[in-house]
Amino acid sequence: KLTRAVDSVSLEIEPGELFFLLGPSGCGKTTLLRMIAGFIDPTDGLIRFGRREVTHLEPNKRNTGMVFQSYALWPHMSVQQNVGFGLNVRKVGGQEKTKRIKEALETVQMGKYATRKPNELSGGQQQRVALARALVVRPDVLLLDEPLSNLDAKLRIELRAQIRRICKEVGITTVYVTHDQKEALSMADRIAIMREGNVVQVGSPLELYRHPGSRFSAEFLGETNIIPGKVVETGEHVTVETPFGNLRSTHPSKDDVNYADQVLCSIRPECVRLNGSGAQSDTNNTHDGRLLETTYLGEIAQHVVDMGHSIHLRTSELNPTELRDHAAGGHPQTGVTIAPTDVVILPE
């Protein structure tokens, strides 16, 4: 039985862009990357590098550089031999080969490790050698398949900035596959969010986080509160009637909203402000609730507020200086306020 792994995907990636394919496991992102590399032959459609069509061209004739999840370094070769392997295949030798290996290793800050074997390097160093090996052949397109997934959390964060710096300094067009939202948000020029073989939304990290086009995009790119409601007013702003009261939205993605539509309101936890026990006011999106629980994490405190009608709002408070009272197991009353610009209206 054949499975449709990628379906009607249409993307244009700009020269020198760091472009991310982001989505859950099994959504088709690695299949799409391997099609670009030439390891999988598409059953339909075209792939072009600039004006050059490469749809059915062999991988070694596409001039791509690929960094795999496992790094795939030869254990019996030194670092410089690993990096120079692609130049051997391309019949580049002599001083030119030596010069390009040295340049590639210096680019990834691994020059002093040239004579070491891979098993003498840390995971992060091996990752940088794999990147140098891909860059040394001066590819038209650099392809990265979850290159940081085998590293610990601290090292992943350090290498995000390094990979972005290297890609932008070299000015190479890069396609990067990941399922890590923070990785994509912190590194990408643009992101394509994928689901079940389709691209559901493309945009910059800020656009996708602030202006998701669907519930899937909103929930996949971080925590959010999803509140059902009905549109009761349209115009310069939109008012949505929710189970706990009206919410006004001046968010720009409300163009196709009509009166009486059933919609969803997406509100990020960091957009919900706690006010103590404020008087209820629909005009500035302030409503009363009860504080159910607080989790203190140092730089932030995470709260859960019961708004009634089985709706619990998750909120984030940055740099909390004191913790709210849960004495004797009580649930103190609190007001919550949400700016109209932070209420994103999504189709139901």
Side-chain angles (χ1 to χ4, degrees), residues 2 4-23 27-69 71-72 82-94 96-97 99-101 103-104 107-108 129-147 163-178 184 187-194 197-204:
L2 294 176
R4 193 182 290 264
V6 176
D7 190 11
S8 303
V9 167
S10 182
L11 292 170
E12 189 165 331
I13 299 168
E14 299 296 325
E17 189 172 33
L18 184 47
F19 191 91
F20 270 64
L21 301 174
L22 175 68
C27 72
K29 55 191 186 296
T30 295
T31 299
L32 185 55
L33 191 79
R34 293 175 74 83
M35 283 183 191
I36 297 169
F39 299 138
I40 295 176
D41 214 22
T43 53
D44 196 13
L46 297 175
I47 300 170
R48 290 193 181 94
F49 291 180
R51 294 180 180 175
R52 185 167 67 112
E53 191 195 323
V54 299
T55 313
H56 301 293
L57 205 60
E58 295 93 332
N60 62 321
K61 294 180 180 174
R62 296 194 184 200
N63 197 30
T64 61
M66 188 149 183
V67 179
F68 298 92
Q69 192 172 339
Y71 314 139
N82 265 285
V83 172
F85 184 78
L87 297 176
N88 297 339
V89 173
R90 288 165 172 78
K91 305 290 192 291
V92 177
E96 175 68 10
K97 175 183 170 183
K99 173 172 166 267
R100 282 167 68 168
I101 291 171
E103 283 175 355
T107 299
V108 299
V129 172
L131 185 57
R133 185 181 59 187
L135 291 170
V136 76
V137 298
R138 297 177 182 168
D140 294 328
V141 184
L142 177 64
L143 306 171
L144 302 168
D145 189 7
E146 306 210 26
I163 290 177
R164 178 168 172 84
R165 173 187 60 78
I166 290 164
C167 290
K168 300 318 278 188
E169 277 180 4
V170 176
I172 191 166
T173 306
T174 304
V175 185
Y176 190 123
V177 160
T178 187
M187 293 175 66
D189 292 324
R190 284 192 306 146
I191 301 167
I193 299 177
M194 294 189 67
N198 295 285
V199 171
V200 295
Q201 195 173 355
V202 180
S204 71

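Numbering starts at 1 and runs along the sequence shown.
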For Val9 and Gly197, the nearest pair of non-hydrogen atoms, with its separation, is CG2-O, 3.5 Å
Whether the side chain of Thr173 engages the backbone of Gly16 through a donor-acceptor N/O pair (distance < 3.5 Å, no angle test) should be reported.
yes
Here the gap from Leu131 atom CG to Met66 atom CE, rounded to the nearest 0.5 Å, amounts to 13.0 Å
So the salt bridge (charged side-chain N to carboxylate O under 4.0 Å, His left out) pairs with at least one residue in residues 42-59 (sequence neighbours excluded) are Arg52-Asp140, Glu58-Lys61
Rounded to the nearest 0.5 angstrom, the NE2-CG distance for His56 and Leu46 is 7.5 Å
Item to complete: Test Asn63 against Arg90 for side-chain contact (heavy atoms from CB on, under 4.5 Å), laying out the working first.
Response: CA-CA 10 Å; Asn63 197 30; Arg90 288 165 172 78; 3.9 Å; yes
Are the side chains of Phe19 and Val141 in touch, meaning some heavy atoms are under 4.5 Å apart?
-> no
Separation between CG (Leu22) and OH (Tyr176), nearest 0.5 Å, reads 11.0 Å
Q) Mind checking whether Leu11 and Leu32 have side chains closer than 4.5 Å, heavy atoms only? A) yes
By salt bridge (Lys or Arg N to Asp or Glu O under 4.0 Å), Asp189 pairs with (sequence neighbours left out) Arg164, Lys168
CE of Met35 to CG of Leu143, rounded to nearest 0.5 Å, is 13.5 Å
Of all heavy-atom pairs linking Pro139 and Thr64, the shortest is CB-C, 3.6 Å
Test item: Ile36 and Phe49 side chains (from C-beta on) under 4.5 Å apart, heavy atoms:
yes
| task | Give a yes or no on whether the backbone of Val54 and the side-chain of Arg62 come within a donor-acceptor separation of less than 3.5 Å. | result | yes
Nearest heavy-atom contact between Thr178 and Ala184 is CG2-CB, 4.3 Å
Between the OH atom in Tyr71 and the CG atom in Asn82, the distance rounded to the nearest 0.5 Å is 14.0 Å
Task: Leu135 and Ile166, any side-chain heavy atoms less than 4.5 Å apart - done: yes
The reported gap from CD1 in Ile193 to NZ in Lys29 (rounded to nearest 0.5 angstrom) is 12.0 Å
Correct closest heavy-atom pair for Ala192 and Val199 would be CB-CG1, 4.1 Å
Of all heavy-atom pairs linking Val67 and Ala130, the shortest is CG2-O, 3.7 Å
Are there over 12 heavy-atom neighbours, none belonging to Glu12, within less than 6.0 Å of that residue's CD?
no
Heavy-atom closest pair (Ala134 atom, Val137 atom, distance to 0.1 Å) is O-CG2, 3.4 Å
Do NZ/NE/NH1/NH2 and the carboxylate oxygens of Arg138 and Glu103 come within less than 4.0 Å?
yes
Side chains of Val108 and Val129: closer than 4.5 Å at any heavy-atom pair?
no
